[in-house]
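Since this is a predicted model, take the numbers as computed values, not measurements. As a basis for the values below, the full set of heavy atoms in this structure was taken, side chains included, without hydrogen atoms, waters or symmetry mates.
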Amino acid sequence: MFKRLAKAAVTAVLIAGLGACGNGGDVRDEGANHSAGVGQDSGKAAGERRPASVDASVFGLRDEVRHRAALTTRAKRPHMTKKCTTATRRVKHTTSTGSGTKRRTRTWYSTEHSKSCKQVRSGTETYTRVVRREQWCVSLDDVSGDKNKDDVWYQVSRTTYDAAIGTDEHARMDFIPKDTGC
């Protein structure tokens, strides 16, 4: 049992490493020669939405797995900098003592300093824009027991993908997908 789990872990690390070193192409696995337990995972991280078109849970026979590396490109955007200006203002102060004809008013002035900052455009900057996020996908045959529903792709979480790699081709899988298609 331990040897099979170790093989599955080594295989998962190798496939992930080769996928990361690729040029953005797809990495496919047509089937593995080892078996491991298939865990069930919600496939939903905090703040992630799942479209209504995806059922709560799907099951079927594992066909293929695919890892799609993130696709990025270089892009330009405005470079914003903070520009501050200082200002001074002369303020008049008065105080009075006494009353009637004996009233005396004292006046003095002070200077108040203020600083005002705003974001202004200052040229452009180059950044890495993500065109497509990294995706882990599993293809199922006989989805929900329907013999005519074959080669249906689902986007899944990394843990579900790793579990799929550890199973044999045409082994039953049950998971909650993040999205359909791949």
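- Applying the disulfide (SG to SG under 2.5 Å) test to every pair with at least one member in residues 62-92, sequence neighbours left out, gives these pairs: Cys84-Cys117.
- Contact detail for Gly60 and Leu140: the closest heavy-atom pair is N-CD1, 4.0 Å.
- For residues 113-123, the set of pairs meeting the salt bridge (charged side-chain N to carboxylate O under 4.0 Å, His left out) definition, not counting sequence neighbours, is empty.
- With sequence neighbours excluded, the residues that form a side chain to side chain contact (heavy atoms under 4.5 Å, CB included) with Asp141 are Leu61, Asp63, Asp150, Asp151, His170.
- A search for side chain to side chain contact (heavy atoms under 4.5 Å, CB included) contacts involving Thr126 returns Arg74, Lys76, not counting sequence neighbours.
- Here the side chains of Thr111 and His113 are in contact, with some heavy-atom distance below 4.5 Å.
- Proximity of Phe175 to Val58: side-chain heavy atoms (C-beta onward) are separated by under 4.5 Å at one or more points.
- Closest approach of Val156 and Tyr161 over heavy atoms only: CG2-N, 3.9 Å.
- To the nearest 0.5 angstrom, Asp179 atom CG is 11.0 Å from Tyr154 atom OH.
- Shown here are the side chain to side chain donor-acceptor pair (under 3.5 Å) partners of Glu112, two or more places apart in sequence or in another chain: Arg89.
- Of the inter-residue distances, the one linking Thr160 atom OG1 with Lys178 atom NZ reads 9.0 Å to the nearest 0.5 angstrom.
- Not counting sequence neighbours, the partners of Arg77 by the side chain to side chain donor-acceptor pair (under 3.5 Å) test are Glu125.
- Scanning all heavy atoms of the two residues, the minimum distance from Ser57 to Asp174 falls at OG-OD1, 2.8 Å.
- Considering all non-hydrogen atoms of both residues, Asp168 and Arg62 come closest at O-CD, 3.6 Å.
- Applying the disulfide (SG to SG under 2.5 Å) test to residues at least two apart or on different chains, the pairs with a partner in residues 151-182 are Cys137-Cys182.
- Residues Thr95 and Trp108 meet the side-chain proximity criterion, which asks for heavy atoms closer than 4.5 Å.
- Met80 and Gln119 get closest at one heavy-atom pair: CB-OE1, 3.6 Å.
- Partners of His93 by side chain to side chain donor-acceptor pair (under 3.5 Å), not counting sequence neighbours, listed by chain and number: Ser110.
- Every residue two or more places apart in sequence or in another chain was checked for a side chain to side chain donor-acceptor pair (under 3.5 Å) with Gln155, and none qualifies.
- For Thr105, the side chain to side chain contact (heavy atoms under 4.5 Å, CB included) criterion is met by Thr94, Ser96, Thr107, not counting sequence neighbours.
- Applying the salt bridge (charged side-chain N to carboxylate O under 4.0 Å, His left out) test to every pair with at least one member in residues 91-109, sequence neighbours left out, gives no pairs at all.
- A distance of 3.5 Å separates CD of Glu134 from NE2 of His67, quoted to the nearest 0.5 Å.
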